[in-house]
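Worksheet: the structure to be examined is printed underneath.
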Amino acid sequence: MSRTFRIIVVIVAGLAAVAVFYPVNQQRIINVGTDEYAAHHALYGKRIKSQVITINGKLRGIGAVLVNLRRASQLTGVKVAVYTVDNELLAEQDIPDEDIKDDSIAWTNFSDLDIPGRQVRVDFSAPEATKDNPVGLRFELGSPEELALAVRERVPFWRAARQFFVQLVTTYNLGPAILSGLTTTLVMVIIFLVPSLRGISQRWKVGLYLSFLLIIFLVTVGVRMNISKGLKGVSGGDAYNYLSITKQITELKNPLAVEKRLPGWPLLLVPAYLSKIDDIWWMRFLSILSAGGSVVMLALLARKLHLPWSVQVAAPILLSFQKDFFLTSLRPEPYTFYTFLLLLALWLYLSLDHAWAQWCLGITLGFAAMTRQEGLALAVVLILGTLALRKQLWWQGYVRLIIPLFILVLPFFINNAATFGNPFFTSYFEGGRNELVDSWNTFRESAAATWQVLGSLWWRTWSQEKYIELKDPFLLTGGAFALVWLIIAGGGARKRWLGRSWGVLALAMIATSLVATFFVMILRSVTQLDGPLMEFSDAVMKLTAGVMVASVIPFLLHTRWRGVLILLVLVTQVLIALWFHPMPKHFQQDYPLLILMLTTALFLPLYYIQKYAMKQPRRYKVLAITGSLLLHYALLAPLVITIFILQYKITPTIDHLNENSAVDYVIYEANQAAKNLPGPHGFDRLYQISEVYFPDNVFYYRDDLSIEKQQAWIDTTNIRTLMVTNLEPLTMEPMDTWLEVKHIRSEGKKEQMMESWVYEIPQ
């Protein structure tokens, strides 16, 4: 070890020791409380709510979650007083009314208060508020003494760092996200280094790769199964439309006669429909399994395209947690299952030299075409691609491919010919809710809506989109970066522009500084989630959109005709959704291909660097591999961090989804309970869900709110089980003689409690 190196080590260690004890400002959440109306203390007049808290350094501010409890047009301020445990007043300050905003922390600001004994009592009051116009102070439901509080304090860096990780795991419930991040990093290192390892057999490499596929499948499915437990019901009628087709299948009737939707997905619902398995749960479970299958197939597709191992790893991980793919995969609808079929079809297409792949591709395309209308376009593109690019298939191969496809789609065309007089007609062409493109202006609007979805894949909000202007500087920078990155890194490695170790070392230093910058930005933004971290995520979204657009070029350069075929599949699938209804769920099958191209653009140049480095002397090889690995992580880090940002928002997103589905949830649960009770069955109005589960002779009340008419209707129909909801306007008034069997409640929009009752009617 040289003297210079020892001096550098000593200096770096000394600076690190100083930095560890250097005082920094931090925000610390003590308790987040419960976001329910009942979990708020009403502050007014002489009412005071107190809590004793521990301060870890100099106190700079006290924060609390305050709300406008009665939605008054004008609030009053809140007084915050800080006392020692011996009742000595340390500071007092008012929080003005304009700082009080729902679901936000309102703060006081102090000037580095020294706290004797580290414990203080904080009192909250609103002396100018009235009983009819109070200020709400949030607390933990079931523990009124645990107020929703936060503190700002000045502490040593080591304490702030420790608190940062503790708070991520506890307050924001980011334990799974951190675990996923660490796992991603570990797997990234292992998989990326595997091709560089000497003395390891091919069997071990394959085993390691299969282990990764199993892990990513289990993580994808496990996280979604855990989250799905908080989902109640499904908003809209699509799920029940599919169940009505399932009902037709179980009754051996024409499944194409009742709905314009296709029977492929309903066929998978038969086991639940004919058993006691909850149908919505089963549909959601199939969708979640399809998500796991999709990430595995994306990895296998990347392998089949001979993309670098880093792409094979990064693409499925990013797909698993990408916001739109994530939320859509929780829906009890066929979008994610169709995505799995599409990826499976592409993988089988690249394996068509084998007879089994030809049979399987025909079956897959047929089932995909009977699952989503887009599957017909997928079949056309792949068959035409086969004719143009796979001359060695011969007639036997086409027979194996076409026969199962033809058999599966034939009923669809026969039904169309019999119903509409045109085998290629579909009721989707009739418009209605589908925003069909029928003019240039409509096309421009649909194209803008499509770009709003696809361009905002890394937008920081679950299930929302943001339109990016095509002239946005971040977007243009991202596109330029992807192309310049390919030329400099990829071309430079091929032409030995980076033939000296200092070139790769410089890249490694840049990568390290980027990773350090990301970490500092997170540390600065522990609780300021509308601050610099949000600006960072906005920039990542726009840069990523630019890279994604430009990624077509490096993807095609590496994959050649295979990439052209995949690009044609992507374009046709996007155009169909654009033509009919550009909503995020309709692009579910496009997200894997977009992410595959994106990661290819980011990591393919590094593959060139590593490939060149393996032919160089040992020292250069080690530097190149180390620098390349750091660059991999630096390029992946922004996307992973953005995914982490989203994790803490998943709970309020689920709450929002449950609010939207409150009506469907209570009606569905009541129907599930009623179908196990003796009939005849009666309902206070006509429900789409009820038509799925009950025979045609079920009775629906169609008269006014009158006890006499209700009783006459019950006597005439001989109802034994009756279901009633509190939908406006009310159509039935419960009677004392009815026996309540089940009562379902779910909080809906505007703080309205949606309710359903199932009654047994005495004979």
Side-chain angles (χ1 to χ4, degrees), residues 34-39 103 141-142 173 176 221-244 269 272-273 275-291 323-324 326-336 461-464 584-585 646-676 683-685 687-693 723-728 740-758:
T34 305
D35 187 11
E36 291 188 15
Y37 179 81
D103 299 321
L141 194 63
N173 194 27
V221 172
V223 170
R224 284 163 171 78
M225 289 298 293
N226 182 59
I227 290 176
S228 68
K229 293 186 294 186
L231 293 171
K232 297 180 178 180
V234 53
S235 183
D238 284 353
Y240 308 113
N241 290 331
Y242 285 112
L243 282 172
S244 67
L269 311 182
Y273 192 84
S275 67
K276 294 184 178 180
I277 300 174
D278 184 277
D279 299 305
I280 297 299
W281 178 89
W282 178 254
M283 297 167 77
R284 213 184 297 277
F285 175 67
L286 291 178
S287 188
I288 289 172
L289 284 182
S290 300
K323 67 180 182 70
D324 297 315
F326 190 99
L327 276 185
T328 302
S329 66
L330 293 173
R331 298 175 70 104
E333 294 166 353
Y335 303 104
T336 309
T461 303
W462 287 106
S463 194
Q464 289 189 17
K585 63 182 182 180
L646 284 170
Q647 298 306 309
Y648 89 99
K649 293 187 175 183
I650 189 65
T651 299
T653 299
I654 290 176
D655 292 340
H656 177 70
L657 294 175
N658 287 338
E659 288 177 1
N660 290 337
S661 64
V663 174
D664 296 274
Y665 169 70
V666 296
I667 296 174
Y668 175 77
E669 289 296 318
N671 274 265
Q672 291 293 92
K675 73 178 184 180
N676 296 318
F683 297 87
D684 60 339
R685 67 189 73 208
Y687 298 107
Q688 179 189 17
I689 304 174
S690 303
E691 292 183 301
V692 174
Y693 293 108
M723 194 202 79
V724 179
T725 67
N726 65 338
L727 289 178
E728 295 292 341
E740 183 179 306
V741 177
K742 190 167 186 178
H743 180 199
I744 304 100
R745 308 173 73 210
S746 182
E747 187 172 354
K749 298 179 181 179
K750 300 179 182 179
E751 299 181 354
Q752 180 183 5
M753 184 65 68
M754 303 309 305
E755 298 178 274
S756 284
W757 294 265
V758 179

- Task: Decide yes or no for Val221 and Phe285: does some side-chain heavy atom of the first lie under 4.5 Å from some side-chain heavy atom of the second?
- Result: no

- Query: Which class fits the ring pair Tyr687 and Phe683: parallel under 30°, tilted 30 to 60°, perpendicular over 60°?
  - Reply: perpendicular

- Query: Sub-3.5 Å donor-acceptor pair from the side chain of Asn671 to the main-chain atoms of Ile667, do we have one?
  - Reply: yes

- Do other residues, nucleotides or ligands put more than 12 heavy atoms under 6.0 Å from Lys585 NZ? yes

- Message: On a heavy-atom basis, which atom in Thr34 and which in Ala39 lie closest, and how many Å separate them?
- Response: O-CB, 3.4 Å

- Task: Spell out, as yes or no, whether a donor-acceptor pair under 3.5 Å connects the side chain of Arg284 to the backbone of Leu330.
- Result: yes

- Query: Do the side chain of Arg685 and the main chain of Leu727 share a donor and acceptor less than 3.5 angstrom apart?
  - Reply: yes

- Task: Please assess Val234 against Asp664 for the test side chain to side chain contact (heavy atoms under 4.5 Å, CB included), listing each intermediate value before the final yes or no.
- Result: CA-CA 7 Å; Val234 53; Asp664 296 274; 5.6 Å; no

- Query: So, Ser290 side chain and Leu286 main chain: donor-acceptor pair closer than 3.5 Å or not?
  - Reply: yes

- Going by atom types only, do Tyr693 and Asp279 share a side-chain donor-acceptor pair under 3.5 Å? yes

- Okay, side chain of Ser661, backbone of Lys232: is any donor-acceptor separation there less than 3.5 Å? yes

- Message: I'd like to know if the side chain of Ser329 and the backbone of Ser287 have a donor-acceptor N/O pair within less than 3.5 Å.
- Response: no

- Message: Counting C-beta onward and ignoring hydrogens, is there a side-chain heavy-atom pair between Asn726 and Met754 closer than 4.5 Å?
- Response: yes

- Item | Pairwise side-chain contact, Tyr273 with Trp282, heavy-atom cut-off 4.5 Å (strictly under) | no

